[in-house]
2 protein chains.
Amino acid sequence: MKSEQPDGTPFVQATLKVLGGKWKLLILWHLKDKAKRYSELKRLIPEITEKMMIQQLRELESDGIVSRNTLAEMPPKVEYAFTDYGRTIIPILKPLCDWGQEHLKRMDTDEVD
Amino acid sequence: MKSEQPDGTPFVQATLKVLGGKWKLLILWHLKDKAKRYSELKRLIPEITEKMMIQQLRELESDGIVSRNTLAEMPPKVEYAFTDYGRTIIPILKPLCDWGQEHLKRMDTDEVD
DNA sequence: CGGTATCCACAATGATACTG
DNA sequence: CAGTATCATTGTGGATACCG
């Protein structure tokens, strides 16, 4: 009596919404090993603009994935890091990355029609 | 000698590109149990327009995820189904769906600041 | 039934300049 | 250093009409 589960989609969409931005994954990838300062992130991802960097960080923040920690007052130092909750998404990143790698190889090897 | 693996991102981006569309996951979700005809898909997803349906299906097709099979000539019947290669993405869908579900619960339970 | 074509709205991203 | 503000551009999705 399989009931044709048509649900599940809103959940996948929710995940997509959280890390669907153009730069979200890239930022998270750099953050997953250890916390990084704003300037470090900008140095690691030179192609991104300040606006997008801040925007994506703010969204990740409000989704509870990363935390923003101000280190000092006058010489502005801000560190971004995964929250404990945010770390629960890291296991997802792996298979995602793995599949994408195989997909790119396939695209190169086997010219699809 | 950990080399700060900054790679992997293009791979995740590649995956995102494949199933990043607004309707891709929804279509795949309905397709993962068994092949469906175009009209069935439209009936299952009434909110989507013909243009988007076709567009997303074509993209999934050219990415090798789904196949398009014409059944007859005069009474047009077209079935869309997962390819064997496409099925390799199903295991990814699960954790994605699972995390999204937890995330939505968290958003409801624990009002994030 | 299973599309294609055209035009349009809006969201996402980007460039650039300025600020505490 | 770590942002904010504004404007321009692009990309994605949608409405509608028409076709084999």
Side-chain angles (χ1 to χ4, degrees), chain A residues 9-10 12-31 34-63 65-82 113, chain B residues 9-10 12-31 34-63 65-81:
Chain A
T9 320
V12 201
Q13 305 276 178
T15 308
L16 211 60
K17 196 162 186 297
V18 171
L19 31 80
K22 187 173 180 181
W23 306 100
K24 299 267 183 76
L25 277 324
L26 189 40
I27 294 174
L28 291 181
W29 197 266
H30 286 295
L31 244 42
K34 61 182 203 303
K36 297 265 161 60
R37 291 180 51 188
Y38 176 83
S39 51
E40 290 184 278
L41 285 174
K42 278 211 51 181
R43 184 175 47 78
L44 289 166
I45 315 171
E47 329 90 277
I48 197 176
T49 60
E50 288 94 338
K51 178 191 169 182
M52 288 315 295
M53 179 71 88
I54 290 298
Q55 182 178 305
Q56 307 276 291
L57 282 170
R58 291 283 186 276
E59 289 179 20
L60 289 169
E61 218 188 323
S62 87
D63 281 324
I65 310 298
V66 304
S67 63
R68 176 182 180 276
N69 305 98
T70 306
L71 297 186
E73 303 307 323
M74 248 324 283
K77 291 191 180 185
V78 178
E79 261 193 8
Y80 291 92
F82 262 94
D113 137 289
Chain B
T9 319
V12 201
Q13 306 275 178
T15 308
L16 210 61
K17 196 161 186 298
V18 172
L19 31 80
K22 187 174 179 179
W23 306 99
K24 300 265 184 77
L25 278 324
L26 189 41
I27 294 174
L28 292 182
W29 198 267
H30 287 295
L31 244 43
K34 60 181 203 303
K36 296 266 161 57
R37 288 181 53 190
Y38 177 82
S39 51
E40 290 184 279
L41 285 174
K42 277 210 54 180
R43 185 175 46 78
L44 289 166
I45 316 171
E47 327 91 277
I48 197 176
T49 61
E50 288 94 340
K51 176 191 169 181
M52 288 316 294
M53 180 69 88
I54 292 297
Q55 181 178 304
Q56 306 277 290
L57 282 170
R58 291 283 186 277
E59 288 179 20
L60 289 170
E61 218 190 322
S62 87
D63 282 324
I65 310 299
V66 305
S67 62
R68 177 183 181 275
N69 305 97
T70 306
L71 298 185
E73 304 306 323
M74 248 324 281
K77 290 190 182 185
V78 178
E79 262 193 6
Y80 291 92

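Letters go in sequence order (proteins before strands), and every chain restarts at 1.
- The residue A/R68 sits close only to the backbone: its heavy atoms come under 4.0 Å of sugar-phosphate atoms, none of a base.
- At whole-Å resolution of the value, CD in B/E40 and P in C/dG2 are 9 Å apart.
- Using a distance-only test at 3.5 Å, with no hydrogens or angles considered, a donor-acceptor pair links the side chain of A/K24 to the main chain of A/V18.
- Atom CD1 in A/I45 sits roughly 14 Å away from atom P in D/dA2 (whole-Å rounding).
- Under 4.0 angstrom from either OP1 or OP2 of D/dA2 there lies at least one side-chain N or O belonging to A/S39.
- To the nearest angstrom, C1' of D/dC1 lies 14 Å from CG of A/L57.
- To the nearest 0.5 Å, the span separating OG on B/S67 from CG on B/L57 amounts to 10.5 Å.
- At a threshold of 4.0 angstrom between heavy atoms, the contacts of A/Q56 are confined to the sugar-phosphate backbone, with no base atom among them.
- Rounding to whole angstrom units, NZ of residue A/K77 and C1' of D/dG3 are separated by 17 Å.
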Side-chain polar contacts of residues 41-53 of chain B - donor-acceptor pairs under 3.5 angstrom, sequence neighbours left out - could you list them?
| residue | atom | partner | partner atom | Å |
| --- | --- | --- | --- | --- |
| B/K42 | NZ | B/E50 | OE2 | 3.3 |
| B/T49 | OG1 | B/M52 | N | 3.3 |

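- The side chain of A/Y80 places an N or O atom within less than 4.0 Å of a non-bridging phosphate oxygen (OP1 or OP2) of D/dG3.
- Residue B/R37 has a polar side-chain atom (N or O) positioned under 4.0 Å from OP1 or OP2 of C/dG2.
- Not one side-chain nitrogen or oxygen of B/K42 sits closer than 4.0 Å to the OP1 or OP2 atom of C/dG3.
- With a 4.5 Å cut-off on side-chain heavy atoms, A/V12 and B/L26 do not count as touching.
- Separating the CG atom of B/L16 from the C1' atom of D/dG11 is a distance of 14 Å, rounded to the nearest angstrom.
- A straight line from CE of A/M53 to P of C/dG14 spans 12 Å, rounded to a whole angstrom.
- Side-chain atoms of A/V66 and A/L28, non-hydrogen and from C-beta on, do get closer than 4.5 Å to each other.
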For nucleotides 4-10 of chain C, print each protein N/O atom paired with a nucleotide N/O atom at under 3.5 Å, atom names and distance only.
| residue | atom | partner | partner atom | Å |
| --- | --- | --- | --- | --- |
| C/dT4 | OP1 | B/R58 | NH2 | 3.2 |

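- Between B/M52 and A/P76, the one whose closest nucleotide on DNA chain D sits nearer the 5' end is A/P76.
- For A/W23, a side-chain nitrogen or oxygen approaches OP1 or OP2 of C/dG14 to under 4.0 Å.
- Rounded to an integer number of Å, the gap from NZ of A/K22 to C1' of C/dA11 is 14 Å.
- Straight-line distance from the CD atom of A/Q55 to the C1' atom of C/dG14: 11 Å, rounded to whole Å.
- Note that CD of A/E59 and CG of A/L19 are 11.5 Å apart. Values are rounded to the nearest 0.5 Å.
- Distance check: A/L60 CG to A/L25 CG gives 9.5 Å after rounding to the nearest 0.5 Å.
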